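Right, one structure below, let's go through it.
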Amino acid sequence: MKPSTPEPAVPRVVLGVTGGIAAYKAVELTRRLREAGFHVAPILTPDATRFVGPVTFSALASEPARVSLYDDTTTPIPHTYLGQTADLIVVAPATAHFIARYAMGLADDLLTATLLATRAPVLLCPAMHTEMWEQPSVQENLATLRRRGVLVMEPESGVLAGGDEGAGRLPEPAAIASLVEHILQKNDEGILSGRRVVISAGGTREPIDPVRVLSNRSSGRQGHALAEVAARLGATVQLVTTASLSLALDVRGDIEVLKVETAAEMSEAMLSLATLADVVIMAAAVADFGVLASTSKMKKQDGVPSLVLVPTLDILTTLVEKRRDGQIIVGFAAESDHVLENGLSKIRTKQCDLLVVNDVSKEGVGFDHATNEVFLIDRDEDIETISLRSKEAVSYEILSRVAALLTQGAQ
Ligand SMILES: Cc1cc2nc3c(=O)[nH]c(=O)nc-3n(C[C@H](O)[C@H](O)[C@H](O)COP(=O)(O)O)c2cc1C
């Protein structure tokens with residue numbers, strides 16, 4: 001008789017649902033996670049049950065939905081059972097109140113107690129009205145959690161529950177499920193282990209005078225998501241960023257962060273860090289021109305000033321010229337017309353290994369959005385489309401291509 005091969009373990013997802021209006025979307029998320037082949041154990045906060053009932057989750061999930069720490073008849077210590085057996089804990093939606101409790105390390109309900117009793121990765125999907133989302137308290141709590149290694153899926157902008165518009169909408173269940181699949185993809189585990197990855201992020205700010213700057217609309221989110229995901233995939237990451245780290249763009253504690261402002265500062269940092277890097281990713285939007293800045297504040301009464309622009313160093317081109325043996329260099333291009341044509345022409349000129357092109361004229365794409373849709377163009381001019389998804393999921397796609405290029409280079 002042939003020895004039977006053990007069944008591959010089904011990844012276990014604990015799905016936390018908190019008391020926000022988007023809790024209804026967690027029902028659809030449960031279904032999608034089951035369809036993707038995961039074991040789903042739902043935990044609802046007591047307030048979540050005011051929005052959706054546990055019966056619905058119990059019917060769709062792999063085990064009955066739990067609400068309380070105390071009345072579980074199947075296991076005597078539910079929070080340790082759930083925390084210790086989880087491969088991933090996802091909280092969707094995550095309310096402002098829950099985020100505060102989690103950042104404080106409270107364990108006053110089953111969900112927060114489970115989060116303290118786990119070593120599994122944690123993904124939070126915050127959802128709330130824009131005013132709540134923009135509160136410094138909420139952003140600081142998230143920054144604390146990010147530093148501790150929690151992955152935060154940025155909420156989307158759009159129409160909110162009261163009919164008003166702004167940032168704070170829970171991404172669609174399909175987008176969350178797709179990110180969960182990336183996180184739990186076993187064959188991605190450690191694909192960047194032992195690799196040093198240097199990433200630039202954000203838009204540079206070129207001084208015009210001591211108070212004014214010339215800048216662009218890059219938020220740094222794509223670069224920061226790349227840094228987070230590269231660290232998750234095992235890399236040693238250095239992030240050179242223009243983004244303010246006091247708020248939501250903070251990153252996990254093991255990522256080395258260098259804060260820069262101008263194109264000149266970014267060039268200096270990137271070119272110096274690149275000398276030891278296996279991978280360099282230029283996700284930042286670097287000004288093509290700096291300004292011949294006035295040393296004193298320009299006065300309105302002196303009339304409309306003429307700005308003298310001076311070209312900045314082309315960092316991507318310089319990186320390619322100075323590339324180390326086997327180093328992989330990834331460039332980004334933000335295009336608004338003739339997107340593919342311009343992308344192809346850019347990779348031919350710049351000679352980087354992979355070019356990530358986004359069409360910033362499209363809804364939900366590029367600058368200051370939580371989502372992105374990109375084309376990946378390689379040196380053979382093969383083009384792959386990565387359809388609209390979270391910037392974290394796009395990062396997984398880019399970095400798995402990078403890992404493949406590193407392996408090819410080593411052969
Ligand atoms: C109709 C309604 C909708 C709400 N929607 C949200 C929301 O989307 N996001 C949020 O952070 N809080 C929202 N709240 C507030 C939370 O329900 C409240 O802070 C609650 O204490 C959260 O508890 P939990 O985080 O323990 O589940 C809403 C409250 C009501 C009454």
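In each ligand, atom 1 is the first atom listed, and ligand 1 is the first ligand listed. Since we're looking at a predicted model, the values are computed, not measured.
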Quick test: of every protein heavy atom, which one is nearest to atom 11 (O) of ligand 1, and how far off is it to 0.1 Å? Ala96 N, 2.8 Å

Which protein heavy atom lies closest to atom 19 (O) of ligand 1, and at what distance to 0.1 Å? His97 CB, 3.6 Å

Near Arg252 CZ, under 6.0 Å, is it more than 12 heavy atoms from other residues, nucleotides or ligands? yes

min-distance protein heavy atom vs atom 17 (O) of ligand 1 -> Gly19 O, 2.6 Å

Among protein heavy atoms, which lies nearest atom 21 (O) of ligand 1, and at what distance? Asp47 OD2, 2.9 Å

Below 4.0 angstrom from a heavy atom of Thr18, which ligand 1 atoms are there? Numbered from 1 as shown, please. 25 (O), 27 (O)

Does ligand 1 have an atom under 4.0 Å from some heavy atom of Ala22? no

Between Thr74 and Arg66, do the side chains contain an N or O donor and an N or O acceptor separated by less than 3.5 Å? yes

Who's the nearest protein heavy-atom neighbour of atom 3 (C) of ligand 1, and how far? Phe51 CE2, 3.6 Å

Starting from atom 6 (C) of ligand 1, locate the nearest protein heavy atom and write down its residue, its atom name and how far away it is, to 0.1 Å. Gly20 CA, 3.6 Å

Please step through side-chain hydrogen bond (donor to acceptor under 3.5 Å, both in side chains) for the pair Asn342 and Ser345, ending with a clear verdict. CA-CA 5 Å; Asn342 290 342; Ser345 138; 5.7 Å; no

Counting only heavy atoms not in Ile77 (residues, nucleotides, ligands), do more than 12 fall under 6.0 Å from its CD1? no

Can we say Glu63 and Arg12 salt-bridge, meaning some charged N sits less than 4.0 Å from an Asp/Glu carboxylate O? yes

Checking Ser395 against Gln222: is there a side-chain donor and acceptor pair closer than 3.5 Å? yes

Salt bridge or not for Glu28 and Lys25, using N-O below 4.0 Å? no

Who's closest to atom 8 (O) of ligand 1 heavy-atom-wise, of Ile21, Leu170, Thr49? Ile21

So, 4.0 Å and heavy atoms of His129: is ligand 1 close enough to count as a contact? no

Show the atoms of ligand 1 that are less than 4.0 angstrom away from any heavy atom in Ala127. 7 (C), 8 (O), 9 (N), 10 (C), 11 (O)

Would you mind listing which atoms of ligand 1 come within a distance below 4.0 Å of any non-hydrogen atom of Phe98? 25 (O)

Of Glu392, Glu154, Glu156, the one forming a salt bridge (Lys or Arg N to Asp or Glu O under 4.0 Å) with Arg221 is Glu154

Looking at atom 25 (O) of ligand 1, what's its closest protein heavy atom, distance included? Thr95 OG1, 2.5 Å

What atoms of ligand 1 come within less than 4.0 Å of a heavy atom belonging to Met132? 10 (C), 11 (O), 12 (N)

Donor-acceptor side-chain pairing of His97 and Thr18 below 3.5 angstrom: no

Measure the distance from atom 26 (O) of ligand 1 to every protein heavy atom, then report the residue, atom name and distance (to 0.1 Å) of the closest one. Arg101 NH2, 2.8 Å

May I ask you to decide whether Asp188 forms a salt bridge with Arg232, counting only side-chain N to carboxylate O separations under 4.0 Å? no

